[in-house]
Amino acid sequence: EPEVTQTPSHQVTQMGQEVILRCVPISNHLYFYWYRQILGQKVEFLVSFYNNEISEKSEIFDDQFSVERPDGSNFTLKIRSTKLEDSAMYFCASSGVGDSPLHFGNGTRLTVT
Amino acid sequence: GESVGLHLPTLSVQEGDNSIINCAYSNSASDYFIWYKQESGKGPQFIIDIRSNMDKRQGQRVTVLLNKTVKHLSLQIAATQPGDSAVYFCAETSFNKFYFGSGTKLNVKP
């Protein structure tokens, strides 16, 4: 069964550094998402992406965040200057058209020191 | 904004018993609902979904019930097994925008 893959599984970075989290969504999906989950809390929406542009973003997704689909398979989340509070699990997800569930990757655990 | 919440944060059941996990949603426009299971260190995994034109849907050992009148969603797990121990989230969606509840932790006692 096709799945969403994310790399790396764990990223440790120093405050102020840039990080890029990578995702390969399911190949025939058209909607792409990034979510984050702080330990013990609920999954929070960051951004959705469709037709090569951001379709919606949350308050969390400020100017320090950006997304890109550089080719036909990868979908990346960049945090320009990380802060301690960016430490969380970051999940990539994708879905097809119509009533279609989100399929999640296993996440990247980002630790900012 | 929309909110999706759960009645109980933790549910403990005996192995072999049935489990019922509840969820309330607030957006009347939501037309598609999904239950996810999240095991420790993993991403949410799709369990079962239901469209707003249905009130019940069954899968393998799982049943989802939707009551649109009171905006309530439930997940029933039959003959709960130790492998069912996880956090369960409901999600409501409309126009490809998904909202998640905070989750219920299911503990299955052997």
Side-chain angles (χ1 to χ4, degrees), chain A residues 1-10 21 23-26 29-51 53-61 88-109 111, chain B residues 1-10 21 23-27 29-54 57 59-60 62 64 66 73 75 86-105:
Chain A
E1 185 174 320
E3 57 181 22
V4 176
T5 57
Q6 290 186 244
T7 54
S9 57
H10 192 186
L21 310 183
C23 170
V24 179
I26 293 173
H29 282 180
L30 298 178
Y31 294 87
F32 312 112
Y33 304 79
W34 283 100
Y35 285 82
R36 93 174 174 191
Q37 186 178 34
I38 295 170
L39 186 64
Q41 299 185 22
K42 72 180 195 181
V43 176
E44 299 176 288
F45 170 74
L46 293 178
V47 65
S48 58
F49 192 88
Y50 171 73
N51 200 26
E53 61 182 22
I54 290 173
S55 49
E56 195 150 2
K57 58 184 180 180
S58 72
E59 295 175 348
I60 303 167
F61 195 88
M89 281 289 281
Y90 287 80
F91 292 107
C92 174
S94 66
S95 69
V97 295
D99 289 339
S100 175
L102 285 181
H103 292 263
F104 286 85
N106 277 329
T108 293
R109 179 172 296 284
T111 302
Chain B
E2 294 83 1
S3 68
V4 180
L6 299 178
H7 295 306
L8 296 172
T10 304
I21 300 170
C23 178
Y25 66 94
S26 62
N27 184 5
S30 292
D31 54 8
Y32 179 54
F33 304 86
I34 309 161
W35 278 101
Y36 287 91
K37 172 186 180 183
Q38 187 176 25
E39 296 174 284
S40 181
K42 294 187 178 180
Q45 178 187 4
F46 169 80
I47 302 173
I48 192 168
D49 56 3
I50 188 167
R51 291 171 176 74
S52 58
N53 61 351
M54 303 170 69
R57 188 156 189 237
Q60 189 176 17
V62 294
V64 55
L66 174 63
L73 193 68
L75 176 71
V87 176
Y88 290 80
F89 300 92
C90 65
E92 59 173 316
T93 182
S94 61
F95 301 107
N96 285 98
K97 189 171 179 181
F98 294 79
Y99 302 92
F100 289 86
S102 51
T104 291
K105 184 173 183 180

Residue, of A:Cys92, A:Pro101, A:Gly105, A:Ser9, that accumulates the most heavy atom pairs under 4.5 Å with chain B: A:Pro101
Sorted by number, residues from residues 44-51 of chain B in contact with chain A (heavy atoms, under 4.5 Å): B:Pro44, B:Phe46, B:Asp49, B:Arg51
Toward chain B, the part of A:Tyr33 with a non-hydrogen atom under 4.5 Å: side chain
Part of A:Gln37 lying under 4.5 Å from any heavy atom of chain B: side chain
Residue list, ring-ring contact (aromatic ring centres under 6.0 Å, His included) with B:Phe33, at least two apart or on another chain: B:Tyr25
Enclosure of A:Arg109 CZ (heavy-atom neighbours >12, cutoff 6.0 Å): no
Residue list, side-chain contact (heavy atoms from CB on, under 4.5 Å) with A:Ser100, at least two apart or on another chain: A:Ser95
Ring-ring centroid check A:Tyr50 A:Tyr31, cutoff 6.0 Å: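 Yes, the ring centres sit under 6.0 Å apart.
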Parallel, tilted or perpendicular: ring planes of B:Tyr36 versus A:Phe104, cut at 30 and 60 degrees: perpendicular
Side chains of B:Phe98 and A:Phe45 in contact at under 4.5 Å (non-hydrogen atoms):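 Result no, sub-4.5 Å side-chain heavy-atom pair not found.
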Sequence-distant partners of A:Glu44, side chain to side chain donor-acceptor pair (under 3.5 Å), two or more places apart: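 So A:Glu44 forms a side chain to side chain donor-acceptor pair (under 3.5 Å) with A:Arg36.
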